[in-house]
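Take a look at the structure set out below.
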Number of protein chains: 2
Amino acid sequence: MEYSSRKEQIFKAAAKLFRKKGYEASTMRELAKMLGIEAASLYSHIKSKDELLETICFRMADELLRAIDEVNDLYFNAEEKLATAIKNHIKIITGDMDSSTVFLRDWRRLQEPRKSDFIKLRNKYEFGFTQILINGENENVFKAHDKKFAVLTILSAVNWVTEWYNPNGSMTPDEISEHLYKFITSGLEVKPVM
Amino acid sequence: MEYSSRKEQIFKAAAKLFRKKGYEASTMRELAKMLGIEAASLYSHIKSKDELLETICFRMADELLRAIDEVNDLYFNAEEKLATAIKNHIKIITGDMDSSTVFLRDWRRLQEPRKSDFIKLRNKYEFGFTQILINGENENVFKAHDKKFAVLTILSAVNWVTEWYNPNGSMTPDEISEHLYKFITSGLEVKPVM
DNA sequence: TAGGTAACCTAACGATAGTTAGGCAAATTT
DNA sequence: AAATTTGCCTAACTATCGTTAGGTTACCTA
């Protein structure tokens, strides 16, 4: 179809509103106002407010999972894998800042059992990164005493981008990815040159 | 005084509740139930729900700022400064997980003009870290092409600890600080040995 | 052209939120 | 002992929330 359906428009507006105000602080009446309709009219298209949150969170999770699986399937070495995984991650979250902010910040408001499902997906994603580190250790290019710790730290760094990234700012997503990759692999320290 | 005042008990319970549910999703009736009183009784001690959030956020901000100022005042070299700043940060946030979670997650719900005040304090704290990096560059021990970027990444890593730290877990705050310092300065990469 | 459906509307329901008013009893102060 | 304060109570107000019911209009399709 040429244009996005009304339902898709609602999801998009919801992501934008939830990002700005947070899920709990956003009202259906505000969302409706963004779309130029009455709150009750939303229910011709969606089942509930929870459906909006679920859809936004799980779409994002699915997209990220697909990306990490693809990276781990392709036969790069660990360094390439990590660089690509970071690059994909940044591309995905900067590509839809509204959804990714909701995905990172408001998933806690999901109702059970969807919340548990979500956490499982997130753990799966984390494990995708863990595999890369294991890979890197075997290839003797990465060291990480505590891999779980390392993965969480890496993900915290890449996810923090949602807090400050500006599409009109000076850094492109790929530049951010490069910076992050360098930081994650080398850190701050000046290495002895000789 | 021997025991904490009723008002302090309320702040503490509020931090615990807000951490679990988030500020917006927490109700005064729930908070009252935790303390074994009626919701209306809370208002003998506090002015409003907003006061709870404000107090929790600003106390944390003040404590962190005091710590970074102290570090920058003491005449350590940049490496010592960074290590101590991280150690202090981790000690403070692991020392009060309830408050620090609220501080990191719910500050967005602060009302203006307190919200702007809060952001100013946070920027001041960030600048404390920036100064350490500048220091380190002058001493030729740290490199950071984009210092703002580096500081945000460092803080995202240290703040993420609130998401998984468990006082009864296997890592002590000081061990976490050491891990983080190593990661932040060296990253993952295996350095060429010779 | 008749029938159906998609997309909206107004009105309102029931639940729940933060907060206030006013009072009572125990503890503290004078 | 009298007076005041502290800490709680019950009851209720007002606002706002997500959502439903039922109706109207415009468009598409058979």
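Please read these numbers as outputs of a predicted model, since none were measured by experiment. Each chain gets a letter, A, B and so on, in the order the sequences are listed, and its residues count up from 1.
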Can you check the Glu38(A) CD to dT19(D) P distance for me, whole Å? 16 Å
In chain order, what residues pass the salt bridge (Lys or Arg N to Asp or Glu O under 4.0 Å) check against Arg109(B), with sequence neighbours excluded? Glu24(B)
For the residue pair Asp69(A) and Tyr125(A), confirm or rule out a side-chain donor-acceptor distance under 3.5 Å. no
Length of the CZ-P vector between Arg6(A) and dC27(D), whole Å: 15 Å
Is a donor from one side chain sitting under 3.5 angstrom from an acceptor on the other, for Gln111(B) and Arg114(B)? no
Residue list, side chain to side chain donor-acceptor pair (under 3.5 Å) with Lys182(A), at least two apart or on another chain: none
Verify the distance criterion only: is there a donor paired with an acceptor across the side chains of Glu112(A) and Ser116(A) at less than 3.5 Å? yes
Verify whether the ring centers belonging to Phe103(B) and Phe118(B) lie closer than 6.0 Å. yes
Quick one: which residue pairs count as a side-chain hydrogen bond (donor to acceptor under 3.5 Å, both in side chains) with a foot in residues 163-175 of chain A, not counting sequence neighbours? Glu163(A)-Arg108(B)
Spacing between Glu51(A) atom CD and dT19(D) atom C1', to the nearest angstrom: 14 Å
List, with names and distances, any nitrogen or oxygen atoms from the protein found under 3.5 Å away from nitrogen or oxygen atoms belonging to nucleotides 4-6 of chain C.
none

Let me know the distance between CG of Leu42(A) and C1' of dT10(C), rounded to the nearest Å. 15 Å
Annotated protein contacts, base or backbone, on nucleotides 16-28 of chain C with a non-hydrogen cut-off under 4.0 Å, one of B, S, - each: -BBBB--------
With sequence neighbours left out, what residues match Glu38(B) under salt bridge (Lys or Arg N to Asp or Glu O under 4.0 Å)? none
When rounded to whole Å, the CG to C1' distance for the pair Leu31(A) and dC17(D) reads 14 Å
